[in-house]
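Heads up, the thing below is written out as structure tokens.
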Amino acid sequence: MSASYLDAITVRRSNYALTNKSSVSYEKLQDIIKHAVKHCPTPFNSQYSTSTCFCQMITALGDMRTHFAGLLDLHKGGYGSVMFFEDQAIVDGIIQKQPFVATQFPDWNKNAAGILHATIWTAFSLEGLAATLQHPPLTAEMIAGLNLGFDVPSTWKSTAILPFGDPAAPPKEKTFSPVEDRFKVAKS
């Protein structure tokens with residue numbers, strides 16, 4: 001059983017060569033994202049990790065293009081993008097109720113976000129899609145545009161974007177540093 005999971009994470013690779021097509025239906029993309037959002041863990045089961053899938057985002061933007069100039073460069077050539085968020089209102093509520101976790105919570109947020117990012121990215125890879133995870137800084141103007149144009153709540157804070165599409169080319173060869181330098185075993 002673990003072999004198929006390990007095979008899946010081996011398939012997941014950064015691939016910047018995207019086409020503006022998807023062999024996966026929009027409905028299937030939504031199902032994958034919803035499943036991951038529902039089942040990926042969050043601290044205290046707070047369920048603050050959220051995602052929005054923008055397919056054919058560039059053509060749908062119209063007059064909103066000026067708000068997203070930098071973001072469009074990441075999406076260029078792709079079919080769509082998954083934007084990842086965390087609901088800051090939920091995070092702030094947890095910290096207010098349990099102030100003793102305030103210093104650890106930012107690290108826990110990053111861990112939970114990473115699990116969600118990797119889960120959706122791996123699932124897309126298994127469907128044959130190319131993708132690459134990016135962490136662009138969103139300007140206040142971009143966030144306002146998201147709130148207006150796509151009904152993204154103002155309490156949602158962006159954690160990453162995953163541009164995707166059918167692959168235009170295979171991913172570049174991946175090199176690895178020795179795993180022995182990054183993995184240690186402690187025996188008692």
Side-chain angles (χ1 to χ4, degrees), residues 1-42 45-62 64-65 68 71-87 90 109-136 138 142-143 145-153 155-172 174:
M1 184 60 137
S2 65
S4 53
Y5 178 75
L6 295 175
D7 289 344
I9 62 172
T10 303
V11 169
R12 187 224 36 87
R13 297 276 310 283
S14 289
N15 189 341
Y16 298 87
L18 310 175
T19 69
N20 63 358
K21 295 177 175 52
S22 173
S23 54
V24 181
S25 72
Y26 185 62
E27 293 74 23
K28 176 76 173 178
L29 294 169
Q30 289 182 71
D31 289 345
I32 290 169
I33 295 167
K34 287 177 188 176
H35 188 88
V37 167
K38 180 177 180 178
H39 292 285
C40 284
T42 55
N45 194 30
S46 55
Q47 301 176 36
Y48 59 78
S49 295
T50 59
S51 296
T52 301
C53 183
F54 300 115
C55 291
Q56 297 296 330
M57 182 173 77
I58 294 173
T59 56
L61 282 174
M64 301 287 291
R65 283 179 174 279
F68 297 98
L71 200 55
L72 291 176
D73 290 340
L74 292 173
H75 179 86
K76 196 181 335 183
Y79 174 76
S81 292
V82 178
M83 291 197 67
F84 297 94
F85 302 91
E86 61 184 36
D87 190 334
I90 295 173
N109 286 354
K110 291 175 191 171
N111 294 339
I115 291 168
L116 180 62
H117 302 161
T119 299
I120 293 174
W121 189 4
T122 301
F124 278 17
S125 295
L126 289 173
E127 294 293 333
L129 295 171
T132 178
L133 190 67
Q134 303 294 318
H135 303 277
L138 295 184
M142 287 174 158
I143 293 167
L146 285 170
N147 296 345
L148 282 173
F150 300 105
D151 199 28
V152 171
T155 59
W156 286 16
K157 177 184 165 193
S158 173
T159 60
I161 183 171
L162 184 73
F164 66 90
D166 284 344
K172 293 181 181 177
K174 186 173 184 177

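These numbers come from a predicted model, not from an experiment.
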Taking side chain to side chain contact (heavy atoms under 4.5 Å, CB included) as the definition, give me every residue that meets it alongside [X], ordered by chain and number, with sequence neighbours left out.
| X | answer |
| --- | --- |
| Ala17 | Asn15, Ala168, Ala169 |
| Ala8 | Thr122, Leu126 |
| Ser22 | Val24, Leu29, Tyr79, Leu129 |
| Ala123 | Ile32 |

How far apart are the closest heavy atoms of [X] and [Y], and which atoms are they?
| X | Y | value |
| --- | --- | --- |
| Arg13 | Trp121 | O-NE1, 3.5 Å |
| Gly128 | Pro167 | O-CD, 3.3 Å |
| Ala131 | Phe164 | CB-CB, 4.0 Å |
| Pro163 | Gln134 | CD-CG, 4.3 Å |
| Phe124 | Leu162 | CD2-CD2, 4.1 Å |
| Pro41 | Ala112 | O-CB, 3.6 Å |

Begin with the C-alpha distance, continue with both residues' side-chain angles, and end with the deciding distance and a verdict on side chain to side chain contact (heavy atoms under 4.5 Å, CB included) for Thr159 and His117.
-> CA-CA 9 Å; Thr159 60; His117 302 161; 3.1 Å; yes
Flag, side chain of Asp166 to backbone of Thr19, donor-acceptor distance under 3.5 Å =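 Checking the backbone N and O of Thr19 against the side chain of Asp166, no donor-acceptor pair under 3.5 Å is found.
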His135 side chain to Ile161 main-chain N or O, any donor-acceptor pair under 3.5 Å?
-> no
Quick one: which residue pairs count as a salt bridge (Lys or Arg N to Asp or Glu O under 4.0 Å) with a foot in residues 23-33, not counting sequence neighbours?
-> Lys28-Glu127
What residues form a side chain to side chain donor-acceptor pair (under 3.5 Å) with Ser14, not counting sequence neighbours?
->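 With sequence neighbours excluded, Ser14 shows a side chain to side chain donor-acceptor pair (under 3.5 Å) to no residue whatsoever.
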Partners passing side chain to side chain donor-acceptor pair (under 3.5 Å) against Thr10 (at least two apart in sequence or in another chain) =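 With sequence neighbours excluded, Thr10 shows a side chain to side chain donor-acceptor pair (under 3.5 Å) to no residue whatsoever.
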Fit a plane to each ring of Phe85 and Trp156, take the angle between them on a 0 to 90° scale, and name the class: parallel (under 30°), tilted (30 to 60°) or perpendicular (over 60°).
->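 Plane angle between 30° and 60°, so tilted.
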Taking atom types as modelled, find out whether His35 and Thr119 have a side-chain donor-acceptor pair closer than 3.5 angstrom.
-> no
Can you find a heavy atom in the side chain of Phe84 that is under 4.5 Å from one in the side chain of Val37?
->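 They are not in contact (no side-chain heavy atoms under 4.5 Å apart), so the answer is no.
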Answer yes or no: is there a side-chain heavy-atom contact under 4.5 Å between Asp87 and Pro153?
-> no
Kindly compute the distance separating OG1 (Thr42) from CD1 (Ile115), expressed to the nearest 0.5 Å.
-> 9.5 Å
